[in-house]
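Structure, as structure tokens:
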There are 2 protein chains.
Amino acid sequence: MAETPWLDDDEMAAWLALVGVLLRLGPALDSQAQRDAGMTHFDYQVMAMLSGAPERRLAMSELAARTNSSLSRLSHVVKKLEARGWLARSPSPTNRRVTECELTTHGYDVLVAAAPGHVSAVRQLVFDGLSPEQVRQLVAIATTVRANLDASDLRTLDG
Amino acid sequence: MAETPWLDDDEMAAWLALVGVLLRLGPALDSQAQRDAGMTHFDYQVMAMLSGAPERRLAMSELAARTNSSLSRLSHVVKKLEARGWLARSPSPTNRRVTECELTTHGYDVLVAAAPGHVSAVRQLVFDGLSPEQVRQLVAIATTVRANLDASDLRTLDG
DNA sequence: GAGAACAACTTGAAGTTTCAAGTATTCCGG
DNA sequence: CCGGAATACTTGAAACTTCAAGTTGTTCTC
């Protein structure tokens, strides 16, 4: 751990505010999606990523990467969504250890129906009151943090 | 829902980056805290908030507010931490429906031992690579988003 | 071209969080 | 000061996520 310089005032303020967002935004999005569309925010993300892929199809591991989730988490969720008929799994024709996931027509319809409410929630919860300038700042900041997270994944923290 | 203007390019970029952070930062912090201190990041937050309060004591509802959690979630977690001897509950002397929570000496020691690893993780995962300018921007942005979240809590979304 | 590592999943159990009730206490209007 | 609302929690069940294996298939190395 070596030496650990404490957080300065700005950093502490940023950290507290960020934790507040972290802890509240997830539940808030889940609650909206659950109420309006009977799905989790993560369910929505999975279907949205599929809908944007060619053929509305992706390998599980690729889908996990694009939804920022573990393969295990994805596997459980996909099983649930498959049971609802919103997507279907099938073995990849080219690599037999790969499972591909495809959004069904029904799933696509459900996604389309859920989209406006989702976008409206994101607007209300995140972008309301932010200037265009701040939105650009947010892109830069969040991108840097994501890079930090990716780097730490590899080093399992602390190196 | 009224009309729903879609997200523009900057907003979409910000949203995707933010979701990435949202989905990865929580687990990353949990994993560090679990590995180094045998606790959840949320457990840490609870104990840290108590340690900063006068007498290291707070009512459950106040603690819930300061940790951005539901009372129910807090209640379950406090029960767990109490079983470990890290904190103790007792009825408030002044208001009989209030339960107060106090960090024990042992709990304080555990917290102090966990702090350096936690701070180091926050530094590594969040602040690494951010300029002081960006840290200040983050404060402003996160504060605005928090205000949005608070506002939506009251209106239960969509008004 | 075996066998060892590795990669892509799946699964069941354990831990966490939410959800829906339920209980006890305090507040407030008449 | 009575009764209905609101507040402050607690609890058990359901839903979700992680964790630790386990399976099957691919790739690499000698």
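Letters go in sequence order (proteins before strands), and every chain restarts at 1.
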Handout entry: Closest-nucleotide ordering on DNA chain D, the 5'-leading residue of B/Ser31 and A/Asp43
Key = A/Asp43
Exercise for the section: For A/Leu23 and for A/Val98, locate the closest nucleotide of DNA chain C by heavy-atom distance; then report the residue assigned to the nucleotide nearer the 5' terminus. Expected result: A/Val98
Completion exercise
The residue, A/Asp30 or A/Arg89, whose nearest nucleotide of DNA chain C is more 5′ is A/Arg89
Exercise for the section: Please state whether the base of D/dT11 and the side chain of B/Ser72 form at least one donor-acceptor pair under 3.5 Å? Expected result: yes
Could you state the atom-to-atom distance from [atom1] of [X] to [atom2] of [N] in whole Å?
| X | N | atom1 | atom2 | answer |
| --- | --- | --- | --- | --- |
| B/Gln34 | D/dT17 | CD | C1' | 13 Å |
| B/Leu71 | D/dT11 | CG | P | 12 Å |
| A/Glu100 | C/dC9 | CD | C1' | 13 Å |
| A/Gln32 | C/dT18 | CD | C1' | 17 Å |
| A/Met39 | D/dA15 | CE | P | 16 Å |

Would you say [X] places a side-chain N or O within less than 4.0 Å of OP1 or OP2 belonging to [N]?
| X | N | answer |
| --- | --- | --- |
| B/Ser70 | C/dT17 | no |
| B/Thr40 | C/dT16 | yes |
| B/Arg97 | C/dT23 | no |

Exercise for the section: Evaluate the ring planes of A/His41 and A/His118, with Trp represented by its six-membered ring, and classify them as parallel (under 30°), tilted (30 to 60°) or perpendicular (over 60°). Expected result: parallel
Handout entry: Parallel, tilted or perpendicular: rings of B/Phe127 and A/Trp15 (30°, 60°)
Key = perpendicular
Handout entry: Residues from residues 73-83 of chain A lying under 4.0 Å of DNA chain D - heavy atoms
Key = A/Arg73, A/His76, A/Val77, A/Lys80
Salt bridge between [X] and [Y], side-chain N to carboxylate O under 4.0 Å?
| X | Y | value |
| --- | --- | --- |
| B/Glu102 | B/Arg56 | no |
| A/Arg123 | B/Glu11 | yes |
| A/Arg89 | A/Glu82 | yes |

Fill in the blank from the handout: Which of C/dT17, C/dT25, C/dA8 is nearest the side chain of B/Phe42? It is C/dT17
Problem - Selected nucleotide, minimal atom distance to A/Asn95 side chain, candidates D/dA8, C/dT16, D/dT26 - result: D/dT26
Practice task
Look at the side chain of A/Asp43 and the backbone N and O of A/Thr40, then say whether any donor-acceptor pair between them is shorter than 3.5 Å.
Solution key: yes
Exercise for the section: In sequence, state the C-alpha distance, the side-chain angles, and the governing distance for A/Arg73 and A/Thr67, and then conclude on side-chain hydrogen bond (donor to acceptor under 3.5 Å, both in side chains). Expected result: CA-CA 10 Å; A/Arg73 178 183 187 179; A/Thr67 56; over 6 Å; no
